[in-house]
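FYI, side chains are in, hydrogens and waters are out, and symmetry mates aren't considered; it's all heavy atoms of this structure.
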Amino acid sequence: QVQLVESGGGLVQAGGSLRLSCAASGRTLSSLTMAWFRQAPGKEREFVSAISRTGASTSYADAVKGRFTISRDNAKNTVYLQMNSLEPEDTAVYYCAGHPRLWSSNNYDYWGQGTQVTVSS
C-alpha cells in the first residue's frame, strides 16, 4: 500500500513563494510517475504538473508554466513543487498523486490527503 503525505502549504501574499513536499512510503518512489493536482473551491480538480520516474521528463499546466517547478529526490522518497510568483488564482488544495505505469499514462492510483495553499491579494 502506497501512502503519500503532502506538506508545505500555507498562507502567502501574492508574488510570494511556497515549496510543497510529498513524502512516499510503502513503495520505492523511483517506480512511480508522480504528479501534483489542485482543487479550488467550487471547481473540479485539475492537473498542475507531472514528473517521470527518473525526473528526466516533466510537464506543466499552462496556468503554472514558468512559475512552478516539479522535482524529485528518489533517495529521499520525496517529490517537490516549487511555486513562485504565486497568484490568488493559485489558491486551492494541492494533492500529490502517483502511478506505476509509463510516463504517458494519466491514470493515477495513489493520492495524498492534500495541503491547503492560500494566496492573498
Side-chain angles (χ1 to χ4, degrees):
Q1 182 72 16
V2 176
Q3 291 187 330
L4 302 175
V5 179
E6 302 95 335
S7 61
L11 174 64
V12 64
Q13 287 188 333
S17 299
L18 283 174
R19 188 177 82 155
L20 305 184
S21 298
C22 172
S25 61
R27 184 164 182 160
T28 303
L29 187 68
S30 59
S31 68
L32 300 175
T33 293
M34 298 296 295
W36 289 93
F37 290 78
R38 67 186 182 185
Q39 186 167 20
K43 294 186 177 181
E44 293 188 354
R45 186 172 60 197
E46 64 176 0
F47 169 80
V48 174
S49 182
I51 187 167
S52 61
R53 286 177 279 190
T54 64
S57 298
T58 58
S59 65
Y60 296 92
D62 288 343
V64 306
K65 202 170 293 183
R67 300 187 298 122
F68 290 11
T69 303
I70 192 170
S71 62
R72 64 192 298 157
D73 186 338
N74 287 340
K76 294 183 178 180
N77 261 18
T78 303
V79 176
Y80 305 98
L81 185 68
Q82 177 67 45
M83 306 185 295
N84 298 328
S85 301
L86 283 162
E87 304 167 353
E89 293 73 22
D90 295 318
T91 295
V93 177
Y94 283 71
Y95 297 92
C96 174
H99 69 69
R101 289 174 292 282
L102 295 176
W103 168 241
S104 57
S105 174
N106 292 322
N107 296 319
Y108 288 85
D109 301 302
Y110 312 116
W111 293 85
Q113 82 290 347
T115 186
Q116 176 71 47
V117 172
T118 303
V119 184
S120 63
S121 58

With Arg45 via salt bridge (Lys or Arg N to Asp or Glu O under 4.0 Å) - residues at least two apart: none

With sequence neighbours excluded, residues passing salt bridge (Lys or Arg N to Asp or Glu O under 4.0 Å) with Glu89: none

OG1 on Thr58 to CH2 on Trp103, rounded to 0.5 Å: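 Rounded to the nearest 0.5 Å, the CH2-OG1 separation comes out at 6.5 Å.
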
For the pair [X] (side chain) and [Y] (backbone), establish whether a donor and an acceptor sit closer than 3.5 Å, ignoring hydrogens and angles.
X: Tyr60; Y: Ile70; result: yes
X: Ser52; Y: Ser57; result: yes
X: Glu6; Y: Gly114; result: yes
X: Thr91; Y: Val119; result: yes
X: Thr28; Y: Ser30; result: no

Side chains of [X] and [Y]: does their closest heavy-atom pair fall under 4.5 Å?
X: Arg38; Y: Glu46; answer: yes
X: Asp90; Y: Phe68; answer: yes
X: Val48; Y: Leu81; answer: yes

Thr78 and Asp73: side chain donor to acceptor below 3.5 Å: no

